[in-house]
Number of protein chains: 2
Amino acid sequence: MVKKKKEQTTEQVILEAAKKVFVVKGMAGARMQDIADEAGINKALLHYYFRNKEKLFEVIFMQAAAELFPKINKIFDADQPLFEKIESFCEEYIGVVMGSPYLPLFVINEINQDPEYFLKKVWSGKSKPNPAKFLEQIEQEVKKGTIKRVNPLHLLMNLLSMTIFPFVAKPMFQKNLGISEAQFREAMEQRKKEIPKFIIDAIKK
Amino acid sequence: MVKKKKEQTTEQVILEAAKKVFVVKGMAGARMQDIADEAGINKALLHYYFRNKEKLFEVIFMQAAAELFPKINKIFDADQPLFEKIESFCEEYIGVVMGSPYLPLFVINEINQDPEYFLKKVWSGKSKPNPAKFLEQIEQEVKKGTIKRVNPLHLLMNLLSMTIFPFVAKPMFQKNLGISEAQFREAMEQRKKEIPKFIIDAIKK
DNA sequence: ACTTTTGTTAACCATTTGGTTAAATCGTAT
DNA sequence: ATACGATTTAACCAAATGGTTAACAAAAGT
């Protein structure tokens, strides 16, 4: 479990290890000793760098949130036609999440554990996703008559669901459908194009 | 926290309390003392009825799985035209989950924690979902030319994603979009019709 | 009536776990 | 070399937590 490249600072090694453990086990299930072991260091050293479990968790959680949410904003707020926006969202977002497939479930899970904390800590002003513009854009297209009369909220939910859920339910899908790691990756790769096609087919007139 | 109707047996009271606590906190986060308190009993009595935490958890988890999975089977295996099947799946499944909105995340989460255990314990023969028939049916429709050339796997994923994910990400959606409990319920009620319409629009020729 | 079984409790125990301490070691500037 | 702060460790501590024990009460047989 230990790999200590001399190029990395101890703090980086700890953060990597903590991320690995927290993301898989969650705040409640993670053990400080496990993180120390994973980092190849002493437990006391862990507390030397990060005063306590909560502090360490906060860093990891914020890091994870920062990896997932701002991306959404940038795409939704972009100045782009609706269909292109949907395409680039799927392309980029699936790309990001394929790099860390366990992040979405981790974040969703911890939000569920304490939604208020999340609201305050993560979205205190800056990176708060603002889907209003995207919803507005959908409504515009409806009025222009370029797409069917769809409820923007449901369209947004559909887009996010189809993009994110397969990663959240990954082990379930794999065990149930007998899908290997490679096959899963391939399927997700396909979904970058499949989802936009599916959505556009559903809403275009 | 305590409500002890004399009609209920102690075991039932314990199971209800355990479900409440486990579903919200997860196996790792749940405390036996919390469950005892919630049930209004002594911690020792908890161990009298269920030898240990693992055993109690197993009962709750199996119960939760039994509440979620067999439903899927019955609908997917039914003898019904594809479009109707999609409609009745959304209608019934959203109905079920609205009754216990936290179950899906709980189950998904614990499956993630140990996929092998899940495979053995929950799907040992009987209630194992078998989407093969549903996938086959889609392929038939494609060959008949009644729907577009869609990849059945992706269609299945899309259906499940759109149906289940909003419940999994419920607090996130609520906090982000400023949706009240009532509004959420209303939106989910709409989705019973919205999702089938969306899917059918996407795939019908 | 009384004996046995079942249900329930308070007090206790052992282990796990987050966190601390004081001493040792390493790097670097003087 | 040596002084000194930053880093690292082994040993320790206190609280939390899962689980047990022994005594007691309530039902159920007899």
Side-chain angles (χ1 to χ4, degrees), chain A residues 1-63 106 109-110 113-114 117 121, chain B residues 1-63 106 109-110 113-114 117 121:
Chain A
M1 295 302 147
V2 187
K3 49 173 172 177
K4 199 168 186 174
K5 288 179 182 172
K6 276 294 174 218
E7 289 84 30
Q8 288 180 108
T9 163
T10 304
E11 193 175 323
Q12 287 175 316
V13 174
I14 291 177
L15 284 174
E16 260 178 53
K19 185 176 177 181
K20 235 186 252 183
V21 176
F22 272 132
V23 163
V24 174
K25 306 269 198 154
M27 167 65 172
R31 295 291 106 99
M32 292 299 266
Q33 188 61 60
D34 294 344
I35 296 172
D37 290 349
E38 178 72 36
I41 59 166
N42 189 292
K43 198 177 51 155
L45 192 55
L46 205 55
H47 285 85
Y48 175 76
Y49 278 91
F50 300 88
R51 207 169 312 287
N52 56 38
K53 193 182 177 183
E54 234 182 354
K55 287 275 200 307
L56 178 55
F57 174 80
E58 192 173 309
V59 174
I60 300 297
F61 181 73
M62 297 294 278
Q63 204 174 279
F106 167 67
N109 222 25
E110 300 299 338
Q113 223 46 224
D114 187 352
Y117 167 91
K121 276 286 176 183
Chain B
M1 296 302 146
V2 186
K3 48 173 173 177
K4 198 169 190 175
K5 290 178 184 175
K6 276 293 171 218
E7 290 84 33
Q8 290 181 106
T9 164
T10 305
E11 192 174 325
Q12 287 176 316
V13 175
I14 291 177
L15 285 174
E16 258 179 53
K19 185 176 177 182
K20 235 185 252 183
V21 176
F22 272 132
V23 163
V24 174
K25 306 270 199 158
M27 167 65 171
R31 295 292 105 101
M32 291 301 264
Q33 188 60 60
D34 294 344
I35 296 173
D37 290 349
E38 178 73 36
I41 60 165
N42 189 292
K43 200 178 49 160
L45 193 55
L46 206 55
H47 285 85
Y48 175 75
Y49 277 91
F50 301 88
R51 208 170 310 288
N52 56 39
K53 192 181 177 183
E54 234 182 354
K55 288 275 199 308
L56 178 56
F57 174 80
E58 191 173 309
V59 174
I60 299 297
F61 180 73
M62 298 294 277
Q63 203 174 279
F106 168 67
N109 222 26
E110 301 300 337
Q113 222 48 223
D114 185 353
Y117 167 89
K121 278 284 174 182

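Model, not experiment: these values are computed from the prediction.
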### Query
Do you know which two heavy atoms are closest between B:Ala30 and B:Val21, and how far apart they sit?
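It is CB-CG1, 3.8 Å.
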#### Entry: Exercise: identify the closest heavy-atom pair between A:His47 and A:Asn52
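Minimum heavy-atom separation between A:His47 and A:Asn52: CD2-CA, 4.2 Å.
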For residues 54-63 of chain A, which side-chain donor-acceptor pairs fall under 3.5 Å, sequence neighbours excluded?
residue	atom	partner	partner atom	Å
A:Glu58	OE2	A:Lys121	NZ	3.2

Send over the distance from [X] [atom1] to [N] [atom2], rounded to a whole Å.
| X | N | atom1 | atom2 | result |
| --- | --- | --- | --- | --- |
| B:Asp34 | D:dA16 | CG | P | 13 Å |
| B:Glu54 | D:dT17 | CD | C1' | 15 Å |
| B:Arg51 | D:dT21 | CZ | P | 12 Å |
| A:Lys43 | C:dG18 | NZ | C1' | 6 Å |
| A:Phe57 | C:dG19 | CZ | P | 14 Å |
| B:Leu46 | C:dA10 | CG | C1' | 16 Å |
| A:Leu45 | D:dT7 | CG | P | 9 Å |
| A:Gln33 | C:dT15 | CD | C1' | 14 Å |

### Query
Any chance the side chains of B:Gln33 and B:Asp37 put a donor and an acceptor closer than 3.5 Å?
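Distance-only check passes for B:Gln33 and B:Asp37.
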### Task
For DNA chain C, find the residues of residues 23-31 of chain B with a heavy-atom distance under 4.0 Å and give them by number; none if there aren't any.
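DNA chain C contact set from residues 23-31 of chain B: none.
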Is there a side-chain contact between [X] and the phosphate of [N], meaning an N or O under 4.0 Å from OP1 or OP2?
| X | N | answer |
| --- | --- | --- |
| A:Thr10 | D:dT7 | no |
| B:Tyr48 | C:dT8 | no |
| A:Tyr49 | D:dT8 | yes |

### Query
Checking all strands, does A:Asn42 fall into the base, sugar-phosphate, or nothing category for heavy-atom contacts under 4.0 angstrom?
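Answer is base: heavy atoms of A:Asn42 come under 4.0 Å of a base.
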### Task
Under 4.0 Å between any heavy atoms, over every strand shown, what does A:Phe50 touch: base, sugar-phosphate, or nothing? Just pick one.
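Counting heavy atoms under 4.0 Å across all strands, no contact is made by A:Phe50.
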With a 3.5 Å cut-off and sequence neighbours excluded, list the donor-acceptor pairs that the side chains of residues 22-29 of chain B form with protein atoms.
none

### Query
Less than 3.5 Å between a donor and an acceptor, one on the side chain of A:Lys53 and one on the base of C:dG19, is that the case here?
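Absent.
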### Query
How long is the gap from NZ on A:Lys43 to CD1 on A:Ile35, to the nearest 0.5 Å?
11.5 Å
### Query
Of the nucleotides D:dT20, C:dG19, D:dT9, which has the atom closest to the B:His47 side chain?
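In terms of side-chain proximity for B:His47, the closest of D:dT20, C:dG19, D:dT9 is D:dT20.
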### Message
Of the listed nucleotides (C:dA10, C:dG7, D:dT9), which one gets closest to any side-chain atom of A:Ile41?
### Response
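Closest nucleotide among those given: D:dT9.
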#### Entry: Name of the residue among A:Ile41, A:Thr10, A:Val13, A:Leu15 meeting side-chain contact (heavy atoms from CB on, under 4.5 Å) with A:Tyr49
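With A:Tyr49 as partner, side-chain contact (heavy atoms from CB on, under 4.5 Å) holds for just one option, A:Thr10.
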